[in-house]
Amino acid sequence: MKVVVVGTGFVGLPHAAVLSEYGHEVYAYDIDEARITAYKTGERDQIERYVNEPGLVAAINESIGRYLFFTTDITEIADGADVFFLCLNTPPNRDGSSDLSYYLNAAHHLAGLLAKRKNMNRVVLVNKSTVPIGTARLLENVMNEHGVKNFGVASNPEFLAQGNAIEGSRKPDRVVVGCDHEEDFAIMRRIYSQFVNHVRIRYLETTPETSEAIKYVGNTLLLTYISFWNGVGARLGEAHPNLRMEDLKIGVTSDTRISTWGSYVSNGAGGSCFGKDIQSLIYQLNQAGRSTDLLQAVYNINEYQKVYLIDRAVYEAGFDFNQKSVALLGLAFKKRTNDMRDSAALKVVEALLARGVQEIRAYDPLAIESARNYWFNPEKNQLFERIKYFDTAKEAIVDSDALYISTDWEEFRGLSRTIENNAQPPYLVIDGRRMMPDFKNLVEKGYQHIAVGGTYLKPE
Ligand SMILES: NC(=O)c1ccc[n+]([C@@H]2O[C@H](COP(=O)([O-])OP(=O)(O)OC[C@H]3O[C@@H](n4cnc5c(N)ncnc54)[C@H](O)[C@@H]3O)[C@@H](O)[C@H]2O)c1
């Protein structure tokens, strides 16, 4: 099949690379010229400036120039393509609704090209972006407005988890395809032929609206489960010194009906999807006049979870952040990515600055460049000049008065020694990820410790 992937970000680029492995002729298209120029080089450092996923560079280099092509112009290519995957960003508006401007710009552009095509074979336009229920219908209207003929629309939501995009695309749990017409289902079956009738991968065909809803319900349910552990499990651990959080998790999730995935406590779930998708679903249900109490509670719990440890440091440890220097370890929203979208660290930084810290000494193995870009513009907030960037955790800790762990990078598990060698008691360690199994040794040596799901510990 001749396939065009429109938008080559975290979703589009891995999707294009994996589709090309199945022998489809894939054109990965983006309006961002710098991005496409970088991808064309096939070089690791160039590609990973934009999308950093294990296995991605190898997958691109396997197919580039043979099955996979990068372009900023699809004027010629559009004629004769069988399928277009729309992988555009759909960020939240202030009111929680989805900003469809990027998506609609691309849709109108495509419609203009498709209206003029000479090859009149059936073409399917597939939404891979997460879009409100009813957007496939909207896409259909855009195509009709431009007079496009012989087309179908489909919803095929992306379920990948960042950090596992390539493997997740090669072996998804399920592939969901929502179409209106059998001929469009048939085209989609050819695209995903290796998953149709697969023994382990569920290949589900349904209506576009159901498919769109599956994405929102799935994502908000995951966030609800995570927020249950944060809103209930963590609170219990913080109230009872003798409660062992890890044993609580094992004891509860040994029930085969209860998921182990998500049964951890943390300083909130970030990333480009959870917060955005739950806000969008709340907005969509409100528009339909339906109650959203549960979703609203989940959203609030998750957002407060990102900063509540700062409040605990003030109210439980009596720590005064004013004029202090704080080491911030971990900026990405989770390990193995450089993506900072909706990361807890963004809120932690704002909370620390609001409490008057003099300096934030930031370190992350992958996300320093993303962070510099994010906090660069001094006009946005001059306080961001108080953020300093370091190449190692050790350098960030030196000369700081307290430490905040925000991301679950494995290297933070061995921090105790670094803390002992570089910070003097009664230095305060705030652990948003429970990364320090040996924290009791530190407390015995005079350090203070506050972790999510644990009581405040200080030397006797
Ligand atoms: N990131 C994830 O983990 C994830 C997972 C599942 C679903 N999604 C959904 O997938 C969609 C894409 O997310 P993403 O993280 O890949 O976004 P992204 O911001 O990383 O990528 C979007 C890309 O689209 C390009 N673009 C914008 N306008 C364009 C146009 N008119 N024509 C061509 N290209 C254009 C941008 O330059 C950018 O490269 C969103 O709806 C998101 O909610 C994301």
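In each ligand, atom 1 is the first atom listed, and ligand 1 is the first ligand listed.
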For residues 1-12, run the donor-acceptor check on the side chains, cut-off 3.5 Å, and write out each pair with its distance to 0.1 Å, sequence neighbours left out.
unit_1 : atom_1 : unit_2 : atom_2 : d
K2     : NZ     : I77    : O      : 3.3
T8     : OG1    : D30    : OD2    : 2.8

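- Salt bridge absent: E350 and K347 never bring a charged side-chain N and a carboxylate O closer than 4.0 Å.
- Protein residues lining ligand 1, listed by chain and number: V6, G7, T8, G9, F10, V11, Y29, D30, I31, D32, R35, C87, L88, N89, T90, A106, S129, T130, E158, L160, Q162, K215, S272, C273, K276, R341 [non-hydrogen atoms, distance under 4.0 Å].
- For the pair R434 and Y264, the NZ or CZ position fails the cation-pi test of under 6.0 Å to the six-membered ring centre and within 45 degrees of the ring normal.
- Heavy atoms only, all atoms of each residue included: G432 and L309 are closest at CA-CD1, 3.5 Å.
- Checking D293 against S291 by side-chain atom types alone, no donor-acceptor pair falls below 3.5 Å.
- The aromatic rings of Y363 and F412 sit perpendicular to each other, their planes meeting at more than 60°, with 30° as the lower class boundary.
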